[in-house]
Structures are given as structure tokens and as C-alpha cells.
Amino acid sequence: MVHGWTNLSSSVDSVFLFIMGISLVLLVGVTGAMVYFAVRYRRSRHPRAENIEGNLPLEIVWTVVPTLLVLAIFWVGWKSFVYMRTVPQDAMLVKVTARMWSWHFTYENGATSEVLKIPVNRPVKLAITSADVLHSLSIPAFRVKEDAVPGRENYLWFQPEVTGSYDLFCTEYCGMGHSAMITKVEVMAEKDFNAWYLEATGKSAPGKAGPDGAKLFAEKGCSACHSIDGSPKVGPTLKGVFGHRMTVLTNGKEREITADEAYLRRSLLDPAADVVKGFPPIMPSQKGVLTDAEIDALVEYLKTLREHEHEREH
Amino acid sequence: MNDSTQTAVQHRDYAGAKLGMWLFLFTEILLFGGLFLVYSVYRSMYPEDFHEAAAGLSVVLGTVNTVILLTSSLTMALAISALQRGNTRQSVLLQGATIVLGLVFLVNKYFEWSGHIHEGIFPNAPELLARSHGQVQFYGLYYVMTGLHGLHVVAGLALIGIMLSLTIRQRITREDNGKLENAGLYWHLVDLIWIYLFPLFYLIT
Amino acid sequence: METNFYNTPGKHKGILAWVLSTDHKRIGLLYLSCMTAFFLTGMTLGLLMRLELIAPGRTLMAASTYNALFTLHGVIMIFLFIIPGIPAALGNFMLPLQIGAQDVSFPRLNLMSWWFYIIGAAVAITSLFTGGGAPDTGWTFYVPYSIRTGTNVSLAVFGVFLMGISSTLTGLNFVTTIHRLRAPGMSWFRMPLFVWSIYATGWVQLLATPVIAITLLMLMAERFFGIGFFDPAKGGDPILFEHLFWIYSHPAVYIMILPAMGAVSEIIPVFARRTIFGYKAIAFSSLGIALFGYLVWGHHMFTSGMSDEARMIFSLLTFLVAVPSGIKVFNWVASLYKGSIRLDTPFLYIMAFIFLFSIGGLTGLVQGALATNVHVHGTYFIVAHFHYVMFGGTVFAFIAALHYWFPKMSGRMYHEGRARIAALALFIGFNTLYFPMFVLGWQGMPRRYYDYLPHYQPLHVVSTVGSWILATGILLMLYNLFRSLRTGEKAGDNPWGGTTLEWKTSSPPPVENFEKIPEVTTGPYHYQ
Amino acid sequence: MNEQDNHIVTTKTFAAVWIALLMLTAITVSVAKMHLGAFSAFTAIAIASAKAGLVLWYFMHLKYEKRLLKFLLLVPILTLAVIIGLTFVDVWYR
Ligand code: HEA
Ligand code: HEA
Ligand code: CUA
Ligand SMILES: [Cu+2]
């Protein structure tokens, strides 16, 4: 058995070692024979070659033996994979939404987080989807990975066995922020996790004070593309956006507009309708992604950025 | 093409040219094959929507166009055998008939397309996007597949046009008609593809 | 002076004598020179990428520049260099010679293919400077990102489309040529193995390339008309695009490697001065690879959300395709047994090929196994794998063949001493550059990352240093070949003592290849 | 293969093939009107393939070609079948 962070690590690593073992034997065999022949039969030592056209038994051996070997490799790889795809009934479900370029985890009780917090020694199932383009959720230490595909829900599961903090990467290229689409997995002791879980629920439970725009702005991935300090990123800065006059492209035609509340709302729900001149039309629509309350909160928040209004770069 | 080998590049390696033409047709089959793959995937994903969408196409128009194309294949085949029998005049007439039939096919297609476009049914049109996902895919495929087929008809007509002028100028003759045969093969392939497009788009009820 | 195809006047003069020539040898050299230029460009991009990756964070360039760099590096290396690669350059030159023909079946189509290639390349390169800037999708053009990005994907895709036409027509031409124009007496089993491999490649080009052509057309239609084939918001399926892409692009990796394997099968008997071991096994395994190569594309999509049943079947089939490659390797090694081996540069590269390709291929098995694929997919493990098979495999064999056929093409010998030093530098540099990537990948370092976590840095530094050694080797190798064009000794018709037909004519060959078409009475590697 | 030996097909044969094609078209249109459910897709493809076979066999002269060419034609068809089949292993079980 190999040491691992999850129940899967050890089984994947044993498959790896099995393949590596076979491969090394073959590699050393092939290379060794080649080098030995090249030295032993070099022209100065062996001036006259012997013409051996072939040997049927040998051909059969090196067809059949590798076939059996690869079938064995397939078998162990597949067995281990079946285990990776069979989710235990009692697995805890976490919904994952990937978007350019951030991760969002939603728990069954409605708690949300930007970091994947999970209890140790409990099976966890991640149900993964994407709000815009392809992404892929990868936790190398856990030996798991699955793509986030818009319009589809993929899944994976694992059972962490050691508490600690692990890297979570996006491993499907998704544009400029791909290499920054990194977050952490926190594997917590049962007790710590429960404490966080209950508290997190309390905060975002409906009915309490409405959502906080500034927090949403950071959490929902807006800050991946927009600054609030005036510097342009992938998208225009949102510093002083409210009430600002600017040129947008509507259906390919330029027009001048002033950013009012309706415009801001439209920018969030249907970003392709008016595209700020000089920027690509890549902003993901938040329609169906954010609740109405969250949209309201964000729009309110964007309006407040006006106070700092000075010169805005485009 | 068999193991009988040969001494030098012959200036007229008919069998070679024909083999090359068939290989080219294979590539065409796979070019459309990619679209047939997409078609079958979306049809199996949205069977009901496809049926509904197909109701928007005119079976009569599709049938008429099928008959036209089949007939043009006949005239093309006859044009070749006429030339092989040495009847250049008849061959020229039959090639001309093929071109006319091909043009009629295109004209029909034009009316069909513009009809749909008038109704607001074309890719990315709000009218179409308001419909179900399967309908969007159906009409996307309809435009792309019949459009690509239409381009092949145009190419085929241009090819036959060239053959026609070569025949008239006696550059394609009874003895040397490999080019015409190959153009014929291409034209039949265009027909062949339509034979499948027709039921896939017009006849799903 | 002897007349050869260089000094025989044709219809045109100057540069036109080349770009309008239908002589397969001239067309082959046209491809070769363009490809060398693209190769150097692609490598320079690779070198810049390595520089950027020497430290985390921004070193040289912005993230968007880096993303454009690896996209271009991939597109150039795959579509401008390695796919036309051996068949279009060396195959064009050698195929008619090896089967004793005066030219290919359709010389004008051959020239047209080159024009498609060069126009396609020009279009792809134009995409860098026009529209929304250099494409940044990776060479795989995955949707929906490739539909949404503002960069100039459409033009790049159109360029690739044109190059696809070129590749298809080349395959068509070669298959027909092999069927029709073999010299008298050259039955199928008297064909050199290089010809067999080109034949198998030709079929793959014919049957796979149209699929990428239509896929790229759909992608363009998507960008221009918003048809929605791959847009989930319109009911489209992004995974279907992955299928379509890999239906071509997996067979394409065999378009890259098969001709290389053919070149290896050609060089080994000549330098071991004995017949090849298992001629038929090698010939049929080429067809086997071409055949099975069609059935395994799904192994690029094991984590895409494809059905588990499909993952299982594709994994199984992937393993079967490894067997014919193994058969080849074993037969090559057996061909050295009781040979009389000359350790000249081409042979040194062949030994490097067998070693590096085996590493690349065997790590392919790690990726083909479902459980381990999940871990290594999308990481530097993959990057290491494909550089081992494409660079360590195809490019090393290409370089070997270039040295082997250099005297036939130029009439002169290259400088052996310099060539060996370059080979050594290439071998060391290559392993320093790419081996660490296996480790990085196993540790989880994702590919296409502009920035990375600090604990990956040491291995990245090793890798970058390796790229400098490798660059030195490549430049020395090219310098040697170019210099030898002028200063090399006269080679004579058959400097290596080869037995295939290209050695039976003068170096460089005359315009119509042979004074008199040879009659073939024996197998291709008939010694004694 | 003897290049000069171009088999000339008679006008009668071609006309017969054409009539058969038209009849098959008529059949497929009327079958489509009968609403046979899943079966209708199958008949439509079967009839189309019969038509395609006629065009290939007579109009495209395949009947009079060497075995090699007939055999080669199977290659793209099988390739296409395999491509679609394997893709459906994904699509159906997803
Ligand atoms: C020249 C190109 C080339 C070649 C020849 C190969 C050959 C093989 N490749 Fe590779 N591959 C690529 C180019 C190539 N590949 C590229 C470019 C990518 C990445 C694309 C991208 O995402 O950008 C890729 C990615 C790739 C993946 C997807 C990884 C992922 O993204 O998740 C997989 C998975 O199965 C794979 C497997 C294989 C296998 C099994 C072979 C086999 O054919 C190898 C066979 C060879 C051997 C096995 C070695 C020799 C044999 C012996 C020494 C003895 C015999 C031994 C046995 C049979 C056990 N490759
Ligand atoms: C034949 C194919 C081929 C070849 C030969 C190479 C060669 C090299 N590649 Fe490769 N590479 C690919 C095909 C290839 N690559 C593909 C398909 C991808 C995937 C792209 C994608 O993800 O979409 C890739 C991706 C890729 C990555 C991963 C990027 C990422 O995921 O973030 C890296 C990183 O190091 C890399 C590095 C290199 C290096 C250093 C070389 C070295 O060989 C380069 C060594 C450099 C030299 C030897 C330079 C010599 C020349 C000069 C010094 C300049 C002379 C001057 C002038 C001509 C002006 N490549
Ligand atoms: Cu998200 Cu890469
Ligand atoms: Cu592959």
C-alpha cells in the first residue's frame, strides 16, 4: 500500500506502480538489448553480418505477451476506476460551479464558500458544473479530476483521510485567468467542520439581512475580471462606473450611453447586449446564476463605487 | 491497380486517375460524415423536437428536388455512355441537360431558403431561438448540411461546364474521356449525399 | 558536370523554377525549407515559454501573451511542421525514387498541395497581427472558449483548414502513386518499409483529415452565425466538439509517427548491413496502427464527462494500439542481432529514437489506464509524454533521415564529427528539458499555466536549462548541414551501401529520376 | 486492368435504374406518411441506402470495376460507421 491523502490515492498509486514496473522492465530490456547489440556487433568487431529474415515463434511471443500485459494494465486501471466512480450512498454532496476564474462551492444546507471545506473521513461527492466555458476541477493530492462543462453536471467522489490544506487547480484551459483559478481544499476535523457548517448556514440563510454586494463582488468571481481601483483587467474597471458616459457596441454598432441602473442590470444579466468598446464580449451572464436579491445587491454596490470617481481609464 | 506494375509514367493513366477520383470521393464522404455524426447525435437527443421542426419543411419541394437530382444523374450517366459510343452531339446535349437540372435544383433551394428566412427561421434569429433546443439544432443542421451540399452542386455544375466546353472543343473524345467520367463520378456523389439528406430532413414524421 | 534536377533548366527561372515546379524532388525541398523555418519559429516560441516558466509570476510577458505563445507553438509544431513533416518533405522526395517511378501520380496536384500548405500557413500567421490579436485557445480549440474569445480564432482555424486540404491531397496522391507507379517487379512485399509507412499514413490522411475540416468549418460557422452546435445555451453539446476534434487528432498523431517509423525501418538495415528482421510484421503493424488509431480518440476525454461505458471501451482499445508499436520496436532491436553495425550519426539518432519513443509510448500506457489518467490528465505529465513521442520520436527520426538522405539530396556528405557532437547535445538537452516534466506532472502541475505555485519551481528551472542545451544542439546540427551543402565532400551515388532503389541513381538524381527504370527482382534489403 | 476496356452501359439499363430510383423515392415518401414511429427512421435509411446502392452500382459504374475498388469503398463506409458507433457509446450511456 502506498501512503495517501484519500482512499483513492493509494489505489491510483498502486496502478501507477504496476504500470511503471512493467514499463521499466520493457524499457531496460529493449534499451539494454539495443546497446548490447550495437557494441557487440559493431563493424570493427563483427565485419560480416548474418541475414536473419525473421522468426515466427518470436513474432508470436512478442505479440501475445505484450497483449496480455496491456490487458492486465487495462484491467487494474479499470477496476480502480470503477471504484472511483461508485459513490457511497451516504456521501456528503457539495455542488461546484466553476466560472472564469473562480470556484464556488454550495452545500446542501445552502452554505456557500470559495474554499472547499470538508470533514475528514467522510465520503464527499462533488457535483460539478460550469457557468461559462470548460474548466476542470483537480485536486492532485486526492488523485481526482473531472471537467466542469456548462449545461451538464459531472461528478467525482473521495474520502479524505488526513486533515490539512490542499491545492485545488483548474486543469482545463479557460482563458487568461486559467493559471490563477486556484483555491484550497480544507480537510477539517469533524468538530471544526460542523462548527463552520452551522455558522455558514446561519449567515446566508434566507430571511436574514440581504446579501452583501461587496462580498458578492469578491466571491462571485467579478474581481477576477474587474478592478475597483481604476486599472483595467480583462474587463473594464468598475470604479465610478455608475453615471459614467461611455461608448458601447450594440449589435455591432457603436453608441454613446450613460451607465444608469438599468444599464448596470443589463450588463449583469445580458452582457452581450451592450459591449464596452475595446473589450471582448466574454463576460458571463449572471442570469440564473445569481438570485434576484444578489443582483440587486451587486447593482447597489456598483453604484457606491461612484464616490471614488476620478478619471477612468478605458 | 492490381499487382501488375508498370514501366513508366504513362501520360494517360486512366485507372490511376479514376482511383484518385474515388479516393477524393472518400474524403467527401467523411467530410459530410462529420455532419451526419452531429445530426445523429442531436436527433437522438431531441427526437420530438426534430419531428416538430421537420414539419416546417415542404415535403413536396424536397421530393421535387430529389426527382430533379436523380434525373440529372441519369442524364450525366447517359452523357458519358453517349460519348463512349462516339455520339458527341448527344453527349453535349445530355451534359447541357444535366447543368439545367442542377440549376433548377438550386433555384428551388433558393426559394426554399428564402421562405424560411422570411419567417425568421435562420441561425441565431430571435424567432428560432425562442423555440426548443432541438429545433434550433435541427435548423442549424438544415442550413449547414443543405448549404454545404448546395456548394457541392455549384462546384459540380462548374466542373460539368468545363467538361462541356472541352467536349465541344474536341478535347474530350471517345478515346480520351477519363475527365468526363471523373466529373460524372463527382456529380453522382452529390446526388448520393442528397439521397440521404432528403429523408433525414424532410421525411421525419 | 553531371546533370541533375538542380541544374537542368525547366520552364521557369529563378524562384519560379521552384514554386511552380511539378518535380516531386523540388516540391519536397520546398516543403523541407518552409518546415525548417516554421520549426525554428515554433522552437523559439518554446524557448520563450521556458524562459517565462523559469520562475513563478510574471517573468517576461503577460498572461495573455503566454497563452498566445503556447497556442501558436502548438499550432505551428502540429499543423505547420510535424503533420506535413516527413511525408510531405522526405516522402515527396524519396517515395517515387524508392518505388522506381519518375514522379508521383498527380504532379500538378502535388504542387497545388504545397500552395494550399503555404497559403494556409500564411493565413494562420496573419491571424497573429489582425483582428482581436493572436489566438489563445490552445491547439485544441475547445469550445465554448474558442467561440467566446475575442482573439482571432477564425482566421487561424481557416488556415488550419487549408493546411488540412493540403494534407488530404498529399495522402491521396501518395496512395494512388503507390498503387499505380511501382517499378516492374516491385510487388507489395518488395516495397521498402518507408513506402509501407507512407501508404498507411496516406490512408489516415485521407480518412481522418476531412473530419477536422468539417469540424473547423462548424467552429467558424459558430463564430460567424451563432448556429449553436456547441453552445449549451442553444442545446448544443461541447463534448461533441471534443469527439469531433479527437476523431481527427488522435489518428493525426499516427500521421506524425508512422512515417518516422518507416524511416527507422529504412536506416536500421543499412547501418547493420543486414536484412530487416520481420519485414512483414513491420509492414502489417503499420496498417494495424493506422486501423486501431481510429478507435481510440476518446482517451483524450476520460475526464470530460463522457459516459463511463465509453471511457472503458476507449481505454481498452487504447491498449490494443500499443501492441503493433511494440512489435515494431522488438523487430528493430532484433534486426541488430548479428549485424555489422556502423555507429554513424543517423544510426545514433535511431538509437536515441528507440529509447525516447519507448519512454514516450510507455508513459502513454499510464495515460491510457483509466485510474491513472484521471490524475495525470491536463498536467505536465501529458506535456512530457507528447514531447517524448513527437520530439524524441518523430523529430529525432526526422533528423536521422535528414542525415541519412542528405547525400542523396545534396550530393555531398555532412561533417561527421560535428554531427555527432550535435546529436549528443540534443540527447542530453532533450532529457534535461522534458524528463522533469513527468515528475512535475505527477506532482500535479497543470499544463497551460502561465503562473504556478512556488514549490514547483526547482524542476522548472532544470527544464529551462535543458532547453538551452537542446537549442545549442539543434543550432549546431542545422549549422553543420547548411555548411556541408557547400563544403561537404562529394558523396557518390551510394555512400552508405544502401540497397533500396534511391541509391541506384545518381546523387542528386536527374530530373526523371532514373536513366532507365530499374527492374526489381529481390526484397528491399537484400544483402549478400 | 485493361484501360481500353470501358464497359458501355446501355441506355436501357440506365433508364431502368432511374425508374427504380423514382419508385423508391415514391415509396419512401409514402412510408413516411404512415407514422411508423422508430421503425420509420429505419425504413427511411434502408430505402436511402438501396437508392445509394443503385447509384453506386450502375451510375458510378462500380459493377464493372475491379474487386479492389469495390473493396476500397468499404473503407470509408466502415470508418464512418465506427466513428458514429463509438461516439454513440458515449451519447447513449451518458
Ligand atoms: C507522435 C505522436 C504521438 C504518439 C505516437 C502517441 C502514442 C500514444 N499515446 Fe499519446 N499523445 C500525443 C501524441 C502521441 N501519442 C499528444 C500530442 C497528446 C496530447 C494532446 C493534447 O492534449 O494536447 C497525447 C495524449 C495522449 C493521451 C491523453 C492524455 C490526456 O490528455 O489525458 C493518451 C491516453 O491514453 C495517450 C496515449 C498514447 C498511447 C497509448 C500511445 C501508443 O501509441 C504508444 C505505443 C508505444 C509504446 C507502448 C512504446 C514502445 C513499445 C515497447 C517498448 C514494448 C511494447 C510494450 C507494450 C505493448 C506493453 N496519449
Ligand atoms: C513537434 C512538436 C513539438 C516540438 C518539437 C516542441 C518543442 C518544444 N516545446 Fe512544445 N508543445 C507542442 C509541440 C512541440 N513542442 C505542443 C503540441 C504543445 C501543446 C500546446 C497546447 O497546449 O496547446 C506544446 C506545449 C509545450 C509546453 C507546455 C505549455 C503549457 O502547457 O503551458 C512547453 C513548456 O515548456 C513546451 C516547450 C517546448 C520546448 C522548450 C521545445 C523545444 O524543442 C524548443 C527548443 C528550442 C530550440 C531548440 C530553439 C532553437 C532556435 C533558436 C535558438 C532560435 C533561432 C532563431 C531564429 C529562427 C530567429 N511545449
Ligand atoms: Cu478554469 Cu482553467
Ligand atoms: Cu491520442
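Chain letters run A, B, ... following the sequence lines, proteins first, then strands; residues in each count from 1.
- Of the residues considered (Val76(A), Leu56(A), Val133(A), Val12(A)), Val133(A) shows the highest number of contacts with chain C, using heavy-atom pairs under 4.5 Å.
- Interface summary for chain A: among Val329(C), Leu343(C), Ile327(C), the most heavy-atom pairs under 4.5 angstrom belong to Ile327(C).
- Of the atoms belonging to Met84(A), it is side-chain heavy atoms, and not backbone ones, that fall under 4.5 Å from chain C.
- Rounding to the nearest 0.5 angstrom, the gap separating the CZ atom in Phe74(A) from the CG atom in Leu365(C) is 13.5 Å.
- A heavy-atom distance below 4.5 Å is not found between the side chains of Phe330(C) and Leu58(A).
- In terms of heavy atoms, Met351(C) sits closest to Ala38(A) at SD-CB, 3.8 Å.
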Going through the checks in order, is the side-chain contact (heavy atoms from CB on, under 4.5 Å) test met by Val376(C) and Phe16(A)?
-> CA-CA 10 Å; Val376(C) 299; Phe16(A) 179 67; 5.8 Å; no

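- Taking 4.5 Å as the limit, every side-chain heavy atom of Phe319(C) sits out of range of all side-chain heavy atoms of Leu71(A).
- Contact tally against chain A (heavy-atom pairs below 4.5 Å) for Leu320(C), Val374(C), Ile354(C): the top residue is Val374(C).
- Of all non-hydrogen atoms in Pro144(C) and Pro150(A), the two that sit nearest each other are CG-CG, 3.9 Å.
- The greatest number of non-hydrogen atom pairs below 4.5 Å with chain C, out of Pro66(A), Gly29(A), Pro140(A), is found for Pro140(A).
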Which atom pairs, one donor and one acceptor, sit under 3.5 Å between chain A and chain C?
| residue | atom | partner | partner atom | Å |
| --- | --- | --- | --- | --- |
| Tyr41(A) | O | Ile341(C) | N | 2.8 |
| Arg43(A) | N | Ile341(C) | O | 2.7 |
| Arg43(A) | NE | Ser340(C) | O | 3.0 |
| Arg43(A) | NE | Ser340(C) | OG | 3.2 |
| Arg43(A) | NH2 | Phe271(C) | O | 3.4 |
| Arg43(A) | NH2 | Ser340(C) | O | 2.8 |
| His46(A) | O | Ser340(C) | OG | 2.9 |
| His46(A) | ND1 | Gly339(C) | O | 2.5 |
| Pro47(A) | O | Ser340(C) | OG | 3.2 |
| Ala49(A) | O | Gln528(C) | NE2 | 3.2 |
| Glu50(A) | N | Lys338(C) | O | 2.9 |
| Asn51(A) | OD1 | Thr275(C) | N | 2.6 |
| Asn51(A) | ND2 | Tyr527(C) | O | 3.4 |
| Asn51(A) | ND2 | Gln528(C) | OE1 | 3.0 |
| Ile52(A) | O | Arg274(C) | NH2 | 2.6 |
| Glu53(A) | O | Gly278(C) | N | 2.9 |
| Glu59(A) | OE1 | Asn331(C) | ND2 | 3.2 |
| Gly77(A) | O | Ala371(C) | N | 3.4 |
| Arg85(A) | NE | Asp308(C) | OD1 | 3.1 |
| Arg85(A) | NE | Asp308(C) | OD2 | 3.2 |
| Arg85(A) | NH2 | Asp308(C) | OD1 | 3.4 |
| Lys145(A) | NZ | Val374(C) | O | 2.9 |
| Lys145(A) | NZ | His375(C) | O | 2.7 |
| Lys145(A) | NZ | His377(C) | O | 2.6 |
| Glu146(A) | OE2 | Arg311(C) | NH2 | 3.1 |
| Asp147(A) | N | Thr303(C) | O | 2.8 |
| Asp147(A) | OD1 | Thr303(C) | OG1 | 3.4 |
| Arg152(A) | NH2 | Gly305(C) | O | 3.0 |
| Asn154(A) | ND2 | Ser304(C) | O | 3.4 |
| Cys170(A) | N | Tyr449(C) | OH | 3.2 |
| Cys170(A) | O | Tyr449(C) | OH | 2.7 |
| Tyr173(A) | OH | Asn67(C) | ND2 | 3.2 |
| Tyr173(A) | OH | Asp136(C) | O | 2.6 |
| His178(A) | NE2 | Arg447(C) | O | 3.4 |
| Ser179(A) | OG | Asp451(C) | N | 3.4 |
| Ile282(A) | O | Arg148(C) | NH1 | 3.2 |

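- Residue contact with chain A, scored on non-hydrogen atoms closer than 4.5 Å, involves the backbone and the side chain of Ile359(C) alike.
- When each of Ala141(A), Cys170(A), Ala33(A), Gly151(A) is scored by its heavy-atom pairs under 4.5 Å with chain C, the top score falls to Cys170(A).
- Chain A forms the most heavy-atom pairs under 4.5 Å with one residue out of Gly361(C), Gly378(C), Ala371(C), and that residue is Ala371(C).
- If you measure heavy-atom distances from Phe70(C) to chain A, the contacts under 4.5 Å come from the side chain alone.
- With a 4.5 Å cut-off on non-hydrogen atoms, Ala62(C) does not touch chain A at all.
- If you take CG on Leu370(C) and CZ on Phe81(A), they are separated by 5.0 Å, rounding to the nearest 0.5 Å.
- Proximity to chain A involves both the backbone and the side chain of Val366(C), based on heavy atoms less than 4.5 angstrom apart.
- Annotation: maximal heavy-atom pairing with chain A below 4.5 Å, among Gly444(C), Ala63(C), Gly305(C), Gly150(C), occurs at Gly305(C).
- Counting heavy-atom pairs closer than 4.5 Å to chain C, the top residue among Leu134(A), Ile19(A), Leu27(A), Ile52(A) is Ile52(A).
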